[in-house]
2 protein chains.
Amino acid sequence: MSVGIRDVARAAGVSTATVSRALGRGPVSDALREQVEAAVRATGYRPNLSARRLRSQSTQTIGLIVADIRNPFFTAVSRAVEDAAYQAGMRVILCNTDEDATREAMYLRLMQEERVTGVIFAPTRASAQGLRAADIDFPVVFIDRAGPPGAHDSVVLDNAAAASALVDHLVEEGFRRIGGLFGSTSSTAQERRAGYEAAMARHGLAPAARAVLPNAAAAEAEAGRWLAEAGRPEALILSNGLILMGALRAARAHALPVPGALALAGFDNEPWTDLVDPGLTVIEQPVAEIGAQAMTLLFDRLKAPDQPVRKVVLSGRPVLRGSTRRGAPGSGARA
Amino acid sequence: MSVGIRDVARAAGVSTATVSRALGRGPVSDALREQVEAAVRATGYRPNLSARRLRSQSTQTIGLIVADIRNPFFTAVSRAVEDAAYQAGMRVILCNTDEDATREAMYLRLMQEERVTGVIFAPTRASAQGLRAADIDFPVVFIDRAGPPGAHDSVVLDNAAAASALVDHLVEEGFRRIGGLFGSTSSTAQERRAGYEAAMARHGLAPAARAVLPNAAAAEAEAGRWLAEAGRPEALILSNGLILMGALRAARAHALPVPGALALAGFDNEPWTDLVDPGLTVIEQPVAEIGAQAMTLLFDRLKAPDQPVRKVVLSGRPVLRGSTRRGAPGSGARA
DNA sequence: GCGGTCACTGAAAACGTTTTCAGTGTTTCT
DNA sequence: AGAAACACTGAAAACGTTTTCAGTGACCGC
């Protein structure tokens, strides 16, 4: 049988209450504390976290719900979240929704059953709207995608500004027929699209935006169709790293030199984007800071549940590379 | 206050035992079961998993301990593990060790406290040796890296054969001075190195292997030094995706055309490896199957704790691309 | 010297479930 | 018809902690 606090108490010649206090923080004399610690070593006692959680009504657990951990953006964010959590003595339960509202709902129910301390959540548009604070017993921090204003804390990118900056750069390089391929499921993609359209309007250009499921395969298929059409764009803005990859594959498949026949600009400064030729112009997101900020917001909310809702807006950093250089050869030259 | 099984029982006019049985599987008449279900809906009851775990002495939780979730290999494996776990009604606790033995020990202790059902573990060499089955109360399945034979179940790649295949391919393409850059912390890298050295010997060639911390920055630095030396290799074998990326960066930094001046062959068929120019020859690991197999081994072990230790060895699939083609130009041509 | 704080301690009551145990009543066998 | 099996149910005992409550003795200020 497993060794419990009872056995430690017996070995140390004290009550279970004293053992509990010696292990946690409670008023215990130094003498007894040492006795208890010796007994713990002797017995090899390890506390049972389930029991502790039940009694103390504090699970020290947070939920992290994202679309797909294989998306490098979420990978990086989740690593930052987990580091912060473990450092604060908390556990993380990670859930992948695949952008599916049904699974989101299921995982939120799971969070309720786990009695989590809080949740960090990258919701689809549907769930972001539907999640009323009254329905859940824990605070939620939205990341990447914000919900309706004022309902939950959130940390997001200034998506409109970032998309706008990409358009400005492309226009400055002389591109005119600039299309945009945006994810269909997230508010983030919506905002990027809005920023794109606003910037196009500002430059007096006609926007041409299309929506696509945010994965490389779907993006490649849609971009492939688009590039085969008559009035195909001479530049494309892609709303995340997976779509960017899909678009690049489509350009390769159609043998369109980048940026000679097609310029590409996207989001997420993944390690490979400067290894391809030409390097890809992207908006770099401060992934680690997004995760860390989300944890900070969550901890603050736990400390002061009634403080006003906060929204942290971080700026993306444009990383300009060959894929948007007007004069550059289509491919083959290395900078 | 939160609604408990007691409230449901009162609402349904039955005992808590009956509610418990109606929700789980126990003998309950259809009439009462419906009453209970109605009461659950009416009260909005959600079971408390901490209490359930404490009483039932079954946490339905598995630990997943890897070096770094940002390594795409582990990302993919962990996604497969989590899918399998959630499908079986289990939770996953994910831990990143950064190849640090201290953190490994700390997380293993955490697993004890969580009273996990089992653990899937990619250990450093040190921990793999030290982990005696007697010290822990749960079964462990090693992935990627096996421990001492016979101690724990494991699912690994046939690393020696895979490395050997890369050497054979390079030799066939006419390369002779073939070097190898291998991770310094894992048994996996050791095996790949051994396979490399054996194959070199078989071909009557002199091996030249170096060890490096398994991350892109360290690999780039070491490869950079090596490529600046007089008798630098004309081909390199890299023991994982991160090291491969570092080596490619070093080659670029030294303006060495690939494969003209330096051929590259590595492990992990990450999505970007066929987007760079030339595409990189790699060994593709069956990442999803590794994760799924690990869960299968774990479940089997739980069902039959005393069955003999099993070791599942999967084969890598060589993906031959331009980076190892002897006649190919250094760069610029697209296949 | 005495009332009052103080620092510590143990017995026992939670925490919210599942599971055991001991019935019920009903059916099935002989 | 009586015994034996069966299907279901509720009271109460766990599960391993933390926390409350009620002390105990030591110390302090007067």
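Every chain is numbered from 1 and lettered A, B, ... according to where its sequence line falls, protein lines coming before strand lines. If you're wondering where the values come from, they're calculated on a predicted model, not measured in any experiment.
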**OP:** Compute the bend angle of the helix from dG1(C)-dC30(D) to dT30(C)-dA1(D) from the end axes (five pairs per end), rounded to 10°.
**Re:** 30°

**OP:** Would you mind reading off the distance between Arg55(B) atom CZ and dT17(C) atom P, rounded to a whole angstrom?
**Re:** 14 Å

**OP:** Would you mind telling me which residue lines up with the more 5' stretch of DNA chain D, Ser56(A) or Val14(B), judged by nearest nucleotide?
**Re:** Val14(B)

Original post:
Do Arg91(B) and Leu49(B) have side chains that get closer than 4.5 Å, going by heavy atoms?
Top reply: yes

Subject >> Leu108(A) side chain near Asp135(A) side chain, heavy-atom distance below 4.5 Å >> reply: no

**OP:** Grab the CD1-C1' distance between Ile5(B) and dT17(C) for me, whole Å please.
**Re:** 6 Å

Subject >> Length of the line joining Glu113(B):CD and dG16(D):P, which is rounded to integer Å >> reply: 15 Å

**OP:** Enumerate the residues from residues 19-40 of chain A whose closest heavy atom to DNA chain D is under 4.0 Å, giving them by residue number; use none for an empty result.
**Re:** Ser20(A), Arg21(A)

Original post:
Rounding to a whole Å, what distance do you find between Asp7(A):CG and dC15(D):P?
Top reply: 12 Å

**OP:** From the options dC15(C), dA12(C), dT17(D), select the nucleotide whose nearest atom is closest to the side chain of Gln57(A).
**Re:** dC15(C)

**OP:** Check whether any side-chain N or O of Ser15(B) sits under 4.0 Å from OP1 or OP2 of dT9(D), and answer yes or no.
**Re:** no

Original post:
Any luck finding a side-chain donor-acceptor pair between Thr61(B) and Glu114(B) under 3.5 Å?
Top reply: no

**OP:** Mind calculating the distance between OH (Tyr45(A)) and P (dT17(D)) to the nearest angstrom?
**Re:** 4 Å

**OP:** Select one nucleotide: of dA12(D), dT17(D), dT17(C), the one nearest the side-chain heavy atoms of Ala17(B).
**Re:** dA12(D)

**OP:** Starting at atom CD of Glu114(A), determine the distance to atom C1' of dG16(C), rounded to an integer number of angstrom.
**Re:** 15 Å

Original post:
Separation of Leu54(B) atom CG from dT19(C) atom C1', in whole Å?
Top reply: 13 Å

Original post:
Looking only at heavy atoms, which two atoms of Gly118(A) and Phe138(A) are closest? And how far apart?
Top reply: CA-CB, 4.1 Å

Original post:
Can you name the closest pair of heavy atoms from Gln60(B) and Gly89(B) and give their distance?
Top reply: CB-O, 4.0 Å

**OP:** Name the closest nucleotide to the Thr18(B) side chain, picking from dT18(C), dT9(D), dG16(C).
**Re:** dT9(D)

Subject >> From Glu34(B), Arg33(B), Gln35(B), residue fulfilling side chain to side chain contact (heavy atoms under 4.5 Å, CB included) relative to Val28(B) >> reply: Arg33(B)

Subject >> Which atom of Ala11(A) lies closest to which atom of Ala39(A), heavy atoms considered >> reply: CB-CB, 4.0 Å

Subject >> Separation between CD of Glu99(A) and CG of Asp68(A), rounded to the nearest 0.5 Å >> reply: 8.5 Å

Original post:
Passes salt bridge (charged side-chain N to carboxylate O under 4.0 Å, His left out), Asp300(A) versus Arg310(A)? Steps please.
Top reply: CA-CA 10 Å; Asp300(A) 288 354; Arg310(A) 290 195 291 175; 2.6 Å; yes

Original post:
Rounded to the Å, how far apart are Asn48(B) CG and dC15(D) P?
Top reply: 18 Å

